[in-house]
Structure formats: structure tokens, C-alpha cells
Amino acid sequence: MVTFLAGGTGTPKLLDGATRVFPAADVSVVANTGDDIELGGHLVCPDVDTVLFAGGGVLDRETWWGIADDTTATHEELGRLADAAGLDRGPRYLDDAAQISGREIARWRRFSGVAEFMEIGDRDRAVHLTRTGLLDEGHTLTEITRTLADAFDLDVDLLPMSDDPVATLVHTAGGETIHFQEYWVDRRGSPTVDDVEFRGSRDAEPTAEVREALADPVVIGPSNPVTSIGPMLALPGFEAALAETPVVAVSPFVGGEVFSGPAAELMAGVGLDPSTAGVADAYPFADAVVLDDDDPTDTDRALAGVHVEYTDTRIDDDDDAERVARACDRALGAVS
Ligand code: GDP
């Protein structure tokens with residue numbers, strides 16, 4: 001049995017080839033839910049959905065979100081209507097009272113549907129409607145994710161990190177507090193990050209299913225340590241569970257270079273070195289790290305006492321993913 005911790009790009013890429021190395025029936029995937037938002041009344045879970053769509057063979061692999069070849073008729077009409085009505089395109093947060101009323105799981109990350117600042121495809125929307133409908137019928141996010149995983153014929157066990165609300169908020173150097181999706185989707189990562197907060201995390205719990213999965217060896221894929229893995233580590237008991245089991249982490253950096261996304265800026269914002277060494281600092285419980293062949297990190301200094309495995313960590317296709325998964329397997333073998 002093996003458990004992967006996933007954000008929305010790096011680890012889903014690794015999962016593409018992981019089941020050639022680890023039998024799918026033995027694989028659990030714990031997905032970040034700190035990025036989730038409620039948009040126009042629908043709960044959108046970007047990281048859960050990337051794993052769902054990838055496993056179901058329908059993911060848009062250009063963007064690593066949404067369904068390939070999806071149409072966007074409703075999304076475009078929402079924009080057109082807002083423009084015609086003279087309504088600002090947003091992001092349009094609901095007011096403070098609305099942020100803490102209604103569906104508990106959507107606390108602190110509620111946006112009105114006017115103009116829909118995040119692009120939601122038409123087929124993609126059907127997933128959010130079904131998820132939200134099942135929430136309103138009284139099911140937990142864990143149960144609903146399993147139902148959706150069945151619908152997409154997923155062969156791994158996909159688990160949201162928690163059934164409780166956790167909202168990833170970015171505090172900017174300009175003194176604003178904005179949701180991660182506003183920071184990344186609307187502002188394209190331009191505000192300088194002063195700090196990152198996981199609102200609700202202290203009162204949230206990893207689910208029983210997640211706690212059980214954390215008893216198995218864990219692979220932290222090449223995810224953003226701050227906003228993809230950070231929300232999980234902020235849950236009570238999560239880090240303690242990782243300290244008790246073999247953990248291998250794949251670096252999302254080659255030395256100080258990131259493959260994609262805002263990991264470097266976010267790490268600098270929370271006081272971590274934006275590099276493989278900083279990733280090691282973010283994961284004090286890691287027993288092994290998989291580094292790129294070209295990673296110049298001084299492992300004796302930055303990764304003392306940690307098993308190091310080298311491979312080409314660039315993942316462009318299933319064969320690349322298999323190669324990195326084999327390195328993870330070797331690393332787990334060395335530290336288990
Ligand atoms: P997010 O939700 O899109 O931020 O997704 P993740 O946290 O799962 O992944 C983002 C991280 O994946 C970034 O820090 C990238 O550097 C890393 N990444 C993307 N592609 C690759 C790759 O091919 N190889 C490795 N090692 N890391 C990658």
C-alpha cells in the first residue's frame with residue numbers, strides 16, 4: 001500500500017505513471033482542498049478534480065485543469081451578461097456574514113457567480129453541480145469524491161484531505177488578504193506574498209480515511225509545498241502521522257528553478273528558501289528525497305540524514321512518470 005499527497009499539477013503528473021510501479025488497488029491519493037472555492041453556489045475542488053479527470057482519461061493536459069475539449073457556453077454567457085449589465089467581472093466575494101453561513105465546507109471562500117472569474121467548462125460544471133447537490137443531500141465530501149471517482153472509473157482511492165473547511169488565503173505585501181484563487185487565477189501571481197494562511201485548519205480534521213492512508217508509506221509528489229501540501233500539514237495530527245511512516249518527497253525544483261507555477265514566490269513569502277533545500281526544510285519528516293539529475297543542491301548540507309535518489313524528474317509523459325515513480329519506490333525501499 002502507498003499513499004500519494006497531491007496538489008493539482010506535479011503529483012497528478014507523477015500519478016500518470018505511478019500505477020505501472022505501484023498496483024492501482026494499493027494506491028490512495030490524498031488531495032489538497034485548501035484551493036477549493038464556492039462559486040455561484042457550487043463547490044469547486046480544483047486539485048481533487050485534476051486527479052479525478054486525469055484518472056478518468058478526460059483531463060485537459062495543456063492546462064492541467066478542466067476537461068479536454070470542453071465547451072464554455074455558460075461561462076461565456078455569464079461574462080457577456082455581466083458586461084451588458086455593467087457589473088464588474090470580479091472576483092466578487094460574498095459579504096462577511098455570508099462567508100460564515102450556509103454550507104459549512106465553503107466557509108471563507110465564497111464568491112458570487114456573477115461573471116464567474118474562474119473559467120468553468122460546461123461538462124466540468126456538471127461535476128460541481130453533482131458534488132454540491134450531494135453535499136446538500138447530506139453526504140460528506142469524502143463520500144461524494146468516491147461516488148464521482150466511480151463515475152470516472154478511477155482505479156486509485158481518491159480522498160479529500162478533510163471534510164472540514166480550510167481556505168488558503170494569501171496576505172499580500174500591500175496589506176490585502178485574498179483567496180489563493182484570486183492571487184493565482186485572477187492576478188496571475190503578481191502580488192508580492194507576505195504570508196499564507198490556512199484559515200480553519202486548526203479546527204479541521206483529517207478524515208478517518210486519510211488517517212488510515214497515512215499509516216502506509218507516503219509519496220509527496222513534486223507539488224507546491226506551500227499551497228498544495230501546506231494545507232494538509234496545517235491539519236492537526238497530519239505531520240505527526242507523517243513522522244511515524246516512511247516518507248519520500250519529489251522535489252518540484254531543480255536547485256532554485258521551478259518547473260511551473262508560483263511555488264518559488266510562495267516559499268519566499270513564508271520564509272522558506274525557494275529551492276530544493278527549502279523543500280527539505282518544509283518537510284522535516286521526510287526520510288528520502290528524489291532530486292533531478294541536474295539538481296546542484298549540496299545534499300550533505302541541505303539534506304543531512306535524508307536518503308537521496310537521483311533521476312530525471314521532468315515529467316512530460318507516462319514513461320517519465322514511471323521513471324520518477326520507480327525512483328520513489330527505490331527510495332521507499334531504502335528507508336522502510
Ligand atoms: P498546483 O495546484 O498547480 O500548484 O499543483 P502542484 O502543487 O501539484 O504542482 C506544482 C508544482 O509542480 C510546481 O512547483 C512545479 O515545479 C512542479 N512540477 C510541474 N511539472 C513538473 C515536472 O515535470 N517535474 C517536477 N519534478 N516537478 C514539476
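Indexing begins at 1, ligand by ligand and atom by atom, following the structure's order.
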Taking the basic N atoms (NZ, or NE/NH1/NH2) and the acidic carboxylate oxygens, is any pair closer than 4.0 Å for [X] and [Y]?
X	Y	answer
R125	D70	no
R187	E176	yes
R326	E309	no

Please name the residue in the list T177, V226, V193, T227 that meets the side chain to side chain contact (heavy atoms under 4.5 Å, CB included) test with V170.
-> V193
Exactly which residues line ligand 1, taking a heavy atom under 4.0 Å from it as the test?
-> G7, G8, T9, G10, T11, K13, D47, P222, S223, N224, S228, S251, P252, V258, F259, S260, A263, T313, R314, I315
With under 30° as parallel and over 60° as perpendicular, where do the rings of F22 and F4 fit, or are they tilted in between?
-> perpendicular
Over 12 non-hydrogen atoms of neighbours within 6.0 angstrom of CD in E212 | no
